[in-house]
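Heads up: the structure comes next, in structure tokens.
In what follows, chains are A, B, ... by sequence order, proteins preceding strands, each numbered from 1. This is a predicted model, so every value here is computed, not measured.
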Protein chains: 2
Amino acid sequence: MTKQRITISDVAKKAGVSPTAVSFAFNKPEQLGKETLERIFEAARELGYAANPYARALHSGSIGSLGVLVPQSISSIFSNPFFAAFLQGMGVMCDEKGIGLLTLAVQDNNLEAAIAKAPVDGFVLVGLNEDHEEVAPLIKRNIPTVIVDGDGSQFSTVNVDDEGGAYQAAKYLLDQGHRDIRILTFETPYNHLEYVYFGVGGRRLRGYQRAFQEAGLDWNDEYLVPTIASIEGGQDSFMQLMAQKRQPSAVLAVSDAMAIGVVLAAKQANLRIPQDLAVIGFDDIPLAELMSPALSTVNQPVTEKGRLAADLLISALEEGQHKAQHFMLPTTLILRDTTR
Amino acid sequence: MTKQRITISDVAKKAGVSPTAVSFAFNKPEQLGKETLERIFEAARELGYAANPYARALHSGSIGSLGVLVPQSISSIFSNPFFAAFLQGMGVMCDEKGIGLLTLAVQDNNLEAAIAKAPVDGFVLVGLNEDHEEVAPLIKRNIPTVIVDGDGSQFSTVNVDDEGGAYQAAKYLLDQGHRDIRILTFETPYNHLEYVYFGVGGRRLRGYQRAFQEAGLDWNDEYLVPTIASIEGGQDSFMQLMAQKRQPSAVLAVSDAMAIGVVLAAKQANLRIPQDLAVIGFDDIPLAELMSPALSTVNQPVTEKGRLAADLLISALEEGQHKAQHFMLPTTLILRDTTR
DNA sequence: CTGAAAGCGCTAACAT
DNA sequence: ATGTTAGCGCTTTCAG
């Protein structure tokens, strides 16, 4: 195991002072004589002393890092460009304040355990509502928390106008005359139709639906294609679509990764885009702009969401009790090469 | 501040037992009578009790998370596809073991402070050598550490064959007859030529150099173009190149982001790729394959590096003292559409 | 300006 | 089977 750590009293001994003096030297140096100070720092440096963060935290209640909790595995978080951008935004604030960012695994749906043992001063929750039962301990124990892409009242929330963005996307296709539109939705663990209207996926769906209704079209849940949120998932769904009797003239996807998969698969099938198939994604990840044809999509300010969430959390931490604030950031339809 | 936390003795009081009994209930339940156990858990649940992780860590010396230390800001880490893939690899192991991943900021070159206050059981260092002065405290305090993309002997290391991959890339262009090749190198803080031969950038450079020499070409440091490792950086360097009297027929870049920038800028300048300009990058990030023309590049197993690094670190943690192991993973030249 | 002593919350010998 | 007690390393009144 780790070699015996240098403690404050080792330094005290070496410098010929009391442990208190050493503590003061680091925390309230003005309380000490210049001479003593020198001697203490000298000893500390020679010994390679550094305060034990846990002892310090035990006392102060603060450890200097923020937790990011997403109901997904760590590895899937990092393979997702959305989170890359989001974490980048949080990182801007963390860099500024010199604090760390802890990404947490959620073992078998056990958020509560993860929360309890995490060495953090507060949490950013992504995609979880305040009323989720696993979130209760955070409220009960009054741990500073910010909710992103979810609802809450006690905690501050940061959301974007998912519904409005989706509405614009669907309306655009509808206005162009498309009538055979299929919608790629987030895959859900169990009964698809029962879960698909929850969360950000649900909000986006309701936006599409509103546009359909305004255009006087029947909404049919059979338009929905549950799709794994990845490029491969989009490719698979495209295959499925092509195998059907009636083929769509346009596809709406609740995430860019899916949309990109569709575009890739369509290109391979020698469909012309956007003439034979129009596609609009959601999120506006960097790849959307760089691929060719460049993907039309709904932009949401992901990095800004991360920055804002971290900012709110840090303010709450610094100012103690803080009034919850609720933000709704705008989304924008970005027309590129996968639509006419 | 945070509401007064429920402690072990609150639970003890409520359950009418001693604090020890409560501790046992959670750690060695077999030591307690079934009745008592029930009563304790009941009380704990009602109170919403969870052990204070710092108190626990202070005692046990372990906190259940790994630190990732990169000599860059957190925000730049998350905007870099290389790290996304690397962290994904580490995430696979963390998910398996249910431990967290702490990404650390490095305030004004002060690694040492970051190391001292980080609530982690061990570190993965990326792009830092063991003999770097800021790494010394890790050795001195014997903190389990794995070095990635850097040299070390006491600590385990994970590297890839940068030199060999670069050699292959340069040799390929040379064999094709290219004689006007420019090389995009990592930008360095101060005097370029003094620093550019360090680290992975230096290794790659030496690979290119060896191929040049074997081809009987003079190596000239003027072939080198210091470039910020981003798409924009690559675009800028391309502009610079175009402004010169003698224009290159091929470009080697020490990172894909740079190479992609070159390709984008060349397309805009109406150069045909690969006829007018051949480009080979390094890393093989996902975008390399997805862009068009698809980027020729040197693949390195980034995700595997992350997985292996985390695996080595976790083993070292679990088995206590562990013999340092050194890994060198292969690189592969991948020919796509930016070379003939 | 400096030191003694109490305590943060938890664990684990060591009793009982 | 349960409780007592002594720390883990640090901070911080309170005296000196």
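One interatomic measurement links the two molecules: CD1 of Ile63(A) to P of dG9(C), which rounds to 15 Å at whole-angstrom precision. The NZ atom of Lys13(A) sits 13 Å away from the P atom of dC10(D) (whole-angstrom rounding). Taking atom CZ of Arg39(B) as the reference point, atom C1' of dG3(D) lies 14 Å away to the nearest angstrom. Atom CD in Gln31(A) sits about 13 Å away from atom P in dG3(C), given to the nearest Å.
To the nearest 0.5 Å, atoms CG (Leu111(B)) and CG (Leu128(B)) are separated by 5.5 Å.
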Between N or O atoms, less than 3.5 Å apart, protein on one side and nucleotides 10-13 of chain C on the other: list the pairs.
{"residue": "dC10(C)", "atom": "OP1", "partner": "Tyr49(B)", "partner atom": "OH", "Å": "2.8"}
{"residue": "dC10(C)", "atom": "OP1", "partner": "Asn52(B)", "partner atom": "N", "Å": "3.2"}
{"residue": "dC10(C)", "atom": "OP2", "partner": "Ile8(B)", "partner atom": "N", "Å": "2.3"}
{"residue": "dT11(C)", "atom": "OP1", "partner": "Asn27(B)", "partner atom": "ND2", "Å": "3.4"}
{"residue": "dT11(C)", "atom": "OP2", "partner": "Ser23(B)", "partner atom": "OG", "Å": "3.1"}
{"residue": "dA12(C)", "atom": "N6", "partner": "Thr20(B)", "partner atom": "OG1", "Å": "3.2"}

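Using a 4.0 Å heavy-atom cutoff across all strands shown, Leu32(B) reaches sugar-phosphate atoms only and no base atom.
A 4.5 Å side-chain heavy-atom check between Leu308(B) and Leu329(B) finds at least one atom pair inside the cut-off.
Looking at which nucleotide of DNA chain D each of Leu58(B) and Val17(B) is closest to, the 5′-most match is held by Val17(B).
Shown here for Phe78(A) and Leu87(A), the closest heavy-atom pair between the two residues is CE2-CD1, 3.8 Å.
Side-chain rings of Tyr49(A) and Phe26(A) approach one another, their centers coming within less than 6.0 Å.
Judged by distance alone, the side chain of Asp95(A) and the main-chain N or O of Ser75(B) form a donor-acceptor pair under 3.5 Å. A distance-only check finds a donor-acceptor pair linking the side chain of Asn27(A) to the backbone of Ser23(A) [under 3.5 Å].
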